[in-house]
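Here is the structure we will look at, set down as structure tokens.
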Number of protein chains: 2
Amino acid sequence: MKRTYIEELSKHQGEEVTLKGWLYHKRSSGKIKFLVMRDGTGIVQGVLVKGAASDEVFDCFDKLTQESSFVMKGKAKKEDRAPGGYEIEVSDIEIVSVAQDYPITPKEHGVEFLMDRRHLWLRSSRQHAVLRIRHEIIRAIREFFDSRGFLLLDAPIFTPAACEGTSTLFETDYFDLGKAYLTQSGQLYGEAGAMAFGKVYVFGPTFRAEKSKTRRHLTEFWMVEPEVAYFDLNDDMDLAEEFLEHIVQSVLKNRMPELKTLERNTEFLENVKRPLPRITYDEAVDILKRKGVNFEWGNDFGGSDETVISEQFDRPVMVHRYPAKIKAFYMKRDPQNSDLALALDVLAPEGYGEIIGGSQREDDLDILTQRIREHSLPQDAFEWYLDLRRYGSVPHAGFGLGVERTVGWICGLDHVRETIPFARMIYRLTP
Amino acid sequence: MKRTYIEELSKHQGEEVTLKGWLYHKRSSGKIKFLVMRDGTGIVQGVLVKGAASDEVFDCFDKLTQESSFVMKGKAKKEDRAPGGYEIEVSDIEIVSVAQDYPITPKEHGVEFLMDRRHLWLRSSRQHAVLRIRHEIIRAIREFFDSRGFLLLDAPIFTPAACEGTSTLFETDYFDLGKAYLTQSGQLYGEAGAMAFGKVYVFGPTFRAEKSKTRRHLTEFWMVEPEVAYFDLNDDMDLAEEFLEHIVQSVLKNRMPELKTLERNTEFLENVKRPLPRITYDEAVDILKRKGVNFEWGNDFGGSDETVISEQFDRPVMVHRYPAKIKAFYMKRDPQNSDLALALDVLAPEGYGEIIGGSQREDDLDILTQRIREHSLPQDAFEWYLDLRRYGSVPHAGFGLGVERTVGWICGLDHVRETIPFARMIYRLTP
């Protein structure tokens with residue numbers, strides 16, 4: 001008999017169905033027994049009534065333990081009080097495999113205990129909600145760019161040169177060519193793509209060997225980086241706000257049950273609609289001073305500074321025009337004030353900090369060559385990048401959005417470790 | 001004035017438009033001059049007529065060189081004889097940046113010359129066609145799984161243990177935890193995901209430090225790996241053929257102009273419809289023997305063997321039930337003949353070789369533990385994987401499809417180096 005998934009039960013009301021899954025939990029109430037099955041697409045309650053099901057089926061009830069796998073046959077019945085809205089009048093059960101002493105029980109467990117058993121912890125309803133929202137965010141990101149004519153440009157993971165110092169780079173031996181470094185950003189390749197295809201997006205894993213043990217750092221994390229030819233900083237901000245609106249509204253539209261499972265207050269998420277507030281770095285510094293924060297102009301914002309700034313807004317805020325000396329060599333200077341870079345950060349509300357960083361890029365060959373020298377970077381390694389300014393240079397801009405920080409913000413999580421199936425951190429490489 | 005992309009010209013017929021792009025080529029014909037612009041979304045011909053455009057605009061024609069960037073204004077006119085079907089009656093031109101001696105000229109260049117300038121080579125129409133088809137293949141893959149309720153499960157890139165020998169693994173120092181290895185496959189993590197979510201797909205870059213200098217090997221390549229709980233080998237083959245049909249038919253539907261640019265004979269691609277032929281390893285060996293190939297039962301097929309087998313079919317062929325000793329430890333044995341593994345390979349036609357490899361997985365705890373011992377693998381590192389058989393083990397199966405080999409086959413390319421924006425091979429780590 002054809003298998004039915006729990007999420008499809010609404011199409012099979014009144015029919016005899018075969019479900020395949022695992023025992024979520026069970027309980028008895030007098031002569032009636034309840035088996036709650038999960039199959040990955042949902043949960044449903046099987047009801048065993050003495051007389052309606054055979055003695056063998058009743059015996060199965062006793063044998064089944066949490067996470068045991070079994071096949072359940074019976075009639076699907078609408079039942080509004082049941083989780084998922086359906087119930088199965090069980091006629092037959094086949095045990096596939098009995099689980100002995102499943103380690104994750106309904107009692108509280110420490111986070112390290114759960115992270116050590118991440119391959120099993122993934123089965124819990126909370127982790128389901130987070131990873132389904134992650135999937136929706138990634139789907140919405142691709143839909144956004146695909147429907148706007150951006151070409152997907154998969155940038156290489158192995159890169160030859162250490163762009164901005166090797167201290168936070170992972171390296172590996174690469175045959176007779178010396179060392180290869182794992183990418184920290186596909187942006188430079190995205191720029192080559194923008195000159196070829198007009199508008200592109202890079203989307204893949206990136207790596208940072210930072211010795212940071214915070215709730216916001218992973219050693220491997222996914223980043224999406226659009227890059228557009230003939231874009232200036234304003235165009236870049238327009239794109240960023242339209243993009244954030246699309247992501248958040250897609251999650252609200254398609255993953256509300258999961259947000260409910262996470263008990264997420266969606267008030268600030270509902271607010272993520274264009275236009276988003278835009279303030280300069282100078283205005284952000286004014287906010288800090290007004291709030292009594294001891295902050296010196298010219299420094300970069302720390303996590304607590306970002307929190308103070310973003311608390312002034314009920315939606316993400318775009319901060320632009322940062323001091324050039326705290327920003328990357330490839331950013332274009334503001335023609336109005338050459339101490340400033342045409343940079344852009346987007347800070348999420350509720351203390352979630354930076355989720356987007358971007359800029360207009362330097363498109364002048366001589367100035368960019370000069371910057372590479374000032375930063376003591378190996379010009380040889382950047383000749384190909386300089387070629388983009390030699391042959392048909394145009395104004396262009398882009399940004400990067402960190403997937404895990406975005407998932408953490410939208411789900412309202414304290415720590416990024418739950419935002420990716422198998423987190424990698426300074427002290428964790430397993431399972 | 002708002003910018004128009006060339007691909008949108010059909011919506012702006014008869015209107016004054018502003019186009020931003022690069023010079024593809026130019027020519028004169030008496031008093032008329034033609035500027036062909038590319039902007040990444042298409043190409044269009046600008047027409048300059050003495051009298052209609054100013055002398056300054058005519059001067060620009062002389063200054064513009066191949067790949068110079070410029071802005072072109074004028075009226076969009078339907079013109080069936082023009083490439084793209086439209087033409088611009090140019091009224092104004094603004095030069096953005098003049099390119100001096102663009103190195104890739106219309107004359108023939110060697111492949112290494114072009115690969116060294118990959119960041120510029122991407123601008124050519126042939127590379128556009130290949131990378132747009134790559135994008136469509138990836139879009140179709142995600143659409144296939146997303147619309148069928150599969151959860152996207154991003155597997156980790158850093159893995160702790162060397163699964164099947166370290167000789168083809170890239171390794172990196174990982175803080176105080178010793179070495180981390182770059183993933184060769186996300187399958188084992190996909191299995192954990194299948195037990196949690198029922199059906200998942202892993203999709204990301206994978207790495208192989210093989211010292212192979214062939215037309216089919218990259219050191220980093222993208223792989224998609226679905227995994228489904230309660231699936232057997234037959235279900236797996238059903239999924240694989242539906243999947244291949246979806247990918248190929250999507251490309252035929254959405255990227256026919258690009259296939260034409262590549263002069264691809266699409267006859268065998270049109271044939272990729274269910275059902276695909278299914279033969280056993282034994283039947284494949286019979287084919288080789290009939291064709292006079294000197295092949296010994298029990299060996300794995302080499303590239304030339306695959307070509308002989310696939311030449312017997314006008315569409316991809318599925319080969320199943322291979323000798324267990326040439327297949328991975330985690331594959332389930334055939335209950336009818338324990339010398340065989342419930343493995344599956346799909347060979348593309350026209351000599352493109354294996355594009356899919358998969359199997360039903362061993363779901364018995366004792367047998368799998370025994371296999372790990374037989375393969376001298378470190379059992380410690382696999383305890384989490386064995387947990388999937390301890391707690392609610394179920395039959396399950398999956399497969400992996402290599403993106404670059406699929407792109408190479410669908411585009412009809414001789415070498416995989418053109419199937420990814422920036423190829424990484426044993427002798428190439430740049431640009």
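In what follows, every chain begins at residue 1, and chains take the letters A, B, ... in the order their sequences are listed. Bear in mind that the values here come from a model prediction, so they are computed numbers and not experimental data.
With a threshold of 4.5 angstrom between heavy atoms, B:Asp154 approaches chain A through its backbone and through its side chain. Residue B:Glu136 does not touch chain A at all, counting heavy-atom pairs closer than 4.5 Å. Contacts of A:Asp363 with chain B are absent, with no heavy-atom separation under 4.5 Å from either backbone or side chain. Looking at B:Tyr201, the atoms closer than 4.5 Å to chain A (heavy atoms on both sides) all sit in the side chain, from C-beta outward. With a threshold of 4.5 angstrom between heavy atoms, B:Trp222 approaches chain A through side-chain atoms but not through N, CA, C or O. Of the atoms belonging to B:Val200, not a single heavy atom falls under 4.5 Å from chain A. Contact of B:Phe207 with chain A is made through the side chain alone, with heavy-atom distances under 4.5 Å. With a 4.5 Å cut-off on non-hydrogen atoms, B:Val202 does not touch chain A at all. For B:Ala194, the part lying under 4.5 angstrom from a heavy atom of chain A is the backbone only.
The pair B:Glu191-B:Arg389 meets the salt-bridge criterion, with a side-chain N (NZ, NE, NH1 or NH2) lying under 4.0 Å from an Asp/Glu carboxylate O. Classification of B:Arg390 and B:Glu383 as a salt-bridged pair holds, one side-chain N sitting under 4.0 Å from a carboxylate O. Between A:Glu67 and A:Arg38 a salt bridge is recorded (basic side-chain N to carboxylate O distance below 4.0 Å).
Between chain B and the residues A:Gly178, A:Gly392, A:Ala192, A:Gly198, the largest count of heavy-atom pairs under 4.5 Å involves A:Gly392. When each of A:Gly193, A:Ala423, A:Pro205 is scored by its heavy-atom pairs under 4.5 Å with chain B, the top score falls to A:Pro205. The greatest number of non-hydrogen atom pairs below 4.5 Å with chain A, out of B:Tyr427, B:Phe158, B:Phe70, is found for B:Phe158.
Under the 6.0 Å distance and 45° angle rule, B:Arg3 counts as a cation-pi partner of B:Tyr5.
By the 4.5 Å heavy-atom criterion applied to side chains, B:Arg118 and B:Leu122 are counted as neighbours. Side-chain contact between A:Ile43 and A:Met37: absent, with no pair of heavy atoms (C-beta onward) separated by less than 4.5 Å.
Among all heavy-atom pairs drawn from A:Lys211 and A:Ile426, the shortest one is CA-CD1, 3.7 Å.
Residues satisfying the salt bridge (Lys or Arg N to Asp or Glu O under 4.0 Å) test with B:Glu404, not counting sequence neighbours, are B:Arg134.
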